[in-house]
Participant: 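One structure, as structure tokens, below. Some questions next.
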Amino acid sequence: MIAMMKLKFALLASLALLSLETSAGASSWLESHVDSSTRKLLANVSVPGAQLGSVIASPSRADPDYYFHWTRDAALAMDALVSLDERAQTASERAPIRQAILDYVFFSRVNQMAPALSDLGEPKYHVNGSPYMGPWGRPQNDGPALRAITLIRFARILLREGQGEFVRAMLYDSRLPTHSVIKTDLEYISHHAFEKSFDVWEEVKGDHFFTRMVIRRALVEGAKLARTLSDPGAADWYEERAQIMSREIESHWDAQEQVIQPTLGQTEGADYKTSGIDTAVILGVLHGYANDGFFAPEDPRVIATLRRQRAVFATLYPINHDAGDLGDAIGRYPEDRYSGSDFLGGNPWVLTTLAFSELLFRAAPFLALPERTVALRDAHAFVMRVAKHANPDGSLSEQINRQNGFMMSARDLTWNYAAVLNAWIAKEAAIHSQ
Ligand code: NOJ
Ligand code: NOJ
């Protein structure tokens, strides 16, 4: 009996040690890549020859050509910068970040005023600010919602600093017709919230959990800003639309399968996505959670969906076999065929693997023991997975080759660096809540 207990104790101790070691590695990898990720992200903003405030998705100009300002990628990159602006300790640390965000505000206004094929749902722009006019999956209505979310956070910072005049002139003018960036986006999404659009992966037209979550959050937070800035009629309207949206979003929970369905009512696009497994759902929670208890990271439905997705990717990719302590490399969805240059097979992605990490870091503080410990261990393990495949200088391409683990597709993907910064911020918050 005593011998057994001793054995059990030794086993537990070594397990604890193991998880401590992995988490130390993951913590220090994140820590040591904050500065370089910030630099690499900023390097893709206002690149030489481009308009100030434009954000290229990647410097790659062929296979794939990502030398465009995607409304979505740009908003997500800027959202990470807003978080860094909030945390900046010194004026000199803040200056380049603040400048990039301000330039982005002006560039966004240029985008909004340019006549595009799908209005503000236009997915991508040239770096001179004009909309891309070639064939594409459009509209993508997550774009203006994400831009509004980012700039609402920025407006709050400026209001705290007493810069109400700039906020009322450029960001939210409480007028109709409006000349300000946030209100222009809120008007568009509030009027087009229930129309089908192309998904975050630009391939399927329908009603998407991701798109709906970010539209809802923009409306909820937009309503609060509208109230602060004496625009109560608009605040009521945005709130009302958000409430209807909440009911629509609830219908994505599939109680039978115990997963959140990524897309309902598909009308166009890729016809080979049949599994209902899509990590866009996790991203929808990360970027669409409005801090009000609605589909929070720790929501059992979200955790169940993540677990199911993870199990699918664990067996799908050869690099995940015999992974040991490493987390599994996670892709967009199992049927994915897009490799960056052809449609011969999909791969795990950096930003989706980091999304699993961030989700668990954000959920962990709200989970009971022992689930909390497991979530934290797993969150670290997903970071270690990305660390293993990153280039030696910390640069991160869009995809991780499913066979050999090398970085592939678009190099220096801007969104990846935002994902590193978000994972780091979530990790810090989780550790401080302990
Ligand atoms: C580029 C898109 O961004 C990607 O998501 C998609 O798979 C391919 N084009 C094909 O539509
Ligand atoms: C393909 C991704 O699917 C899409 O989400 C992204 O906006 C573009 N690449 C640009 O990075």
Side-chain angles (χ1 to χ4, degrees), residues 40-41 43-45 47 50 54-80 111 118 120-127 131-132 134-147 149-150 197-206 208-211 213-214 262-263 269-270 272-273 278-284 286-288 330-343 345-355 395-400 407-420 422:
K40 289 170 192 292
L41 190 157
N44 289 349
V45 180
V47 299
S54 61
V55 184
I56 50 172
S58 148
S60 172
R61 289 186 187 236
D63 293 329
D65 184 1
Y66 276 20
Y67 195 79
F68 292 93
H69 175 102
W70 261 267
T71 306
R72 164 179 43 256
D73 298 50
L76 293 172
M78 288 294 153
D79 194 61
N111 295 166
S118 57
L120 297 191
E122 195 54 36
K124 62 175 190 176
Y125 292 78
H126 296 281
V127 297
Y132 177 74
W136 209 254
R138 55 167 71 84
Q140 295 178 18
N141 289 343
D142 59 318
L146 291 166
R147 181 168 54 204
I149 289 168
T150 295
S197 81
F198 273 83
D199 71 317
V200 58
W201 310 133
E202 317 190 281
E203 298 171 326
V204 169
K205 192 171 184 184
H208 314 288
F209 180 83
F210 176 91
T211 307
M213 282 290 284
V214 297
T263 299
Y272 47 82
K273 288 182 71 174
D278 188 334
T279 54
V281 169
I282 303 305
L283 291 166
L286 293 181
H287 300 295
I330 304 293
R332 299 195 295 181
Y333 53 91
E335 304 88 342
D336 199 357
R337 300 174 180 177
Y338 175 63
S339 72
S341 49
D342 57 40
F343 280 84
N347 294 287
W349 283 37
V350 169
L351 71 92
T352 47
T353 307
L354 287 171
S395 65
L396 294 165
S397 307
E398 182 184 69
Q399 305 184 21
I400 303 168
M407 298 263 88
M408 61 183 287
S409 188
R411 68 176 185 275
D412 285 308
L413 190 81
T414 313
W415 187 349
N416 282 346
Y417 300 123
V420 171
N422 288 340

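Each ligand, and each atom within it, is numbered from 1 in the order the structure gives.
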Participant: Closer than 4.0 angstrom, basic N to acidic O: yes or no for E202 and K124?
Facilitator: no
Participant: With side-chain hydrogen bond (donor to acceptor under 3.5 Å, both in side chains) as the test, pick out the partner of H208 among D278, N141, T263, D142.
Facilitator: T263
Participant: Both conditions, 6.0 Å and 45 degrees, for the charged tip of R337 above the ring of Y272: are they met here?
Facilitator: yes
Participant: Between the candidates E203, Q140, R332, K124, which shows the shortest non-hydrogen contact distance to atom 3 (O) of ligand 2?
Facilitator: R332
Participant: Ring-plane angle category for H69 and Y125, please: parallel below 30°, perpendicular beyond 60°, tilted otherwise.
Facilitator: perpendicular
Participant: Using non-hydrogen atoms of the residue, decide whether E398 is closer than 4.0 angstrom to ligand 2.
Facilitator: yes
Participant: Quick check on contacts: which atoms of ligand 2 are under 4.0 angstrom from a heavy atom of R72?
Facilitator: 4 (C), 5 (O), 7 (O)
Participant: Can you find an N or O of L413 that's nearer than 3.5 Å to an N or O of ligand 2?
Facilitator: no
Participant: Go through ligand 2 atom by atom and flag the ones less than 4.0 Å from a non-hydrogen atom of Y66.
Facilitator: 1 (C), 9 (N), 10 (C), 11 (O)
Participant: Just which atoms of ligand 2 are under 4.0 Å from any heavy atom in W415?
Facilitator: 5 (O)
Participant: Are a donor atom and an acceptor atom from the side chains of W201 and D336 found within less than 3.5 Å of each other?
Facilitator: no
Participant: Answer with side chain, backbone, both or neither: which part of W201 has a heavy atom less than 4.0 angstrom from an atom of ligand 2?
Facilitator: both
Participant: Is it the side chain (CB and beyond), the backbone, both or neither of Y338 that lies under 4.0 Å from ligand 2, heavy atoms counted?
Facilitator: neither
Participant: Just let me know how F210 lines up against ligand 2, side chain, backbone, both or neither, with a heavy-atom cut-off below 4.0 Å.
Facilitator: neither
Participant: Counting heavy atoms only, which of D73, I56, L351, T71 is nearest atom 11 (O) of ligand 2?
Facilitator: D73
Participant: Between F210 and H287, how do the two ring planes meet: parallel, tilted or perpendicular, split at 30° and 60°?
Facilitator: perpendicular
Participant: Would you kindly say whether Y338 and E203 are connected by a side-chain donor-acceptor distance under 3.5 Å?
Facilitator: no
